[in-house]
Participant: 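I have a structure here, written as structure tokens, and I will follow up with some questions on it.
Note: hydrogens, waters and symmetry copies are ignored here, and every other heavy atom, side chains too, is used. We count ligands from 1, going down the list as the structure has it; atoms in each ligand are counted the same way. What you see is a predicted model, and the numbers here were worked out from it, not measured in a lab.
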Amino acid sequence: MGERELRFGEGSISGVIAVALGALSLLAVLCFRFPEWLTTPDLRAVYPVPLLRGVLFGAILIGLAASAISFALSRSRLLPMLGLTFCAVAIGLGGAWVETHDPGEQVRYLGLDWFVLDLLLLAIVFVPLERLFALHSEQMLLRRGFRTDLAHFFVSHLLVQLTVLLTMAPAAALFGWAVWPELRSAARAQPIALQVLEAALLADLFQYGIHRLAHRWSWLWRFHQIHHSSSQLDWLAGSRLHLVDIVITRAVSFIPLFAVGFSDAAMTIYVVLVSFQAVLIHANVRWRFGWLEWVFATPFLHHWHHTAEPEAIDRNFAVHLPVIDWLFGTLHRPAGWPSVYGIEGDPIPDDWFVQLTAPFATVESDDT
Ligand SMILES: [Zn+2]
Ligand SMILES: [Zn+2]
């Protein structure tokens, strides 16, 4: 997809807002109608439903208003028509007053609610931040590869049940022997903040190992290189991850957390913080954090991990605590930011399906 420039006064910004909010509203209405198939039990348990209905109401209203503005300003009718249609179908299916029911025990489900909420939340936080504090200010919101990354984001969120299962199952199946009840109770007796820090350190140590291997071992690199193929970084670029890469990296990082057995509260805080950090370190923001950059992974260090500049290839593997890179001699922290991202020669096309399937094809052709 080519870049799409959004300029004030041409109706394209309102058009994109109309389509985005219209589509998200429609998907949210579907979640309310079919909770047994389209919602995540862990999320539903903590939902403030009246607030979510309020947000849905607001989203439909803004979507309609944005469609009207775009109709008035834009020569192209496609975006406002699409936005209006999504909003109209969402309203037709019940809108903010859509009926819902208790889904009971769910055997299989898709994380559509997780997709809608996470995308909305991240866009609300990061789109304005990237406009205000852009590192590469010429970069568009709808940059090259945006649609591809959105497809990765969509699929990895939909398949949350499967990826969580595949993340946890290997540790439980292979490392049950490593669970030591005394360690578990000692770990859980610590303050939550300390547990979170220890979890981040242990998980990142294991992540460092598998991540470094992924850059070394061609079998793993085939999958991991998808993540490195973005030529521009922003809040959505970190979602460009092959499902095999997601599962292997998370499953390995989960082994020490499983073995130690931190408290549920500590694990929840850890997951929320690192999910946010994973987005932040890819964001197109020019923030520097001084000495804190030695302590926590920040955009600066991870941008260098994504550069195509030879001096920084295979550097900055840590995604939580850069001290690990410093310990193993792979920290790269020059004065300025990198200017080129991606892989030399740009070998990966911006196509979600090709990115998903090509690594398997390469594996097969190598085996024969
Ligand atoms: Zn990497
Ligand atoms: Zn990355």
Participant: Check whether the ring centres of Phe153 and Phe146 lie less than 6.0 Å apart, and answer yes or no.
Facilitator: no
Participant: Using a strict 4.0 Å threshold on nitrogen-to-oxygen distance, state whether Arg143 and Asp350 make a salt bridge.
Facilitator: no
Participant: Donor-acceptor pairs are to be reported for all side-chain atoms of residues 114-123 against protein atoms at under 3.5 Å, with residues two or more places apart or in another chain.
Facilitator:
residue	atom	partner	partner atom	Å
Asp118	OD2	His157	NE2	2.7

Participant: Looking at Asp314, Asp325, Asn316, which hits side chain to side chain donor-acceptor pair (under 3.5 Å) with Thr330?
Facilitator: Asp325
Participant: Return all protein N, O or S atoms below 2.8 Å from the Zn ion (ligand 1), chain by chain in residue order.
Facilitator: His211 NE2, His215 NE2, His224 NE2, His228 NE2, His305 NE2
Participant: Just one of His303, His305, His228, His306 clears the side chain to side chain donor-acceptor pair (under 3.5 Å) bar with Tyr341, so which one?
Facilitator: His303
Participant: Run the ring-centre check on Phe328 versus Tyr208 and record whether the distance is less than 6.0 Å.
Facilitator: yes
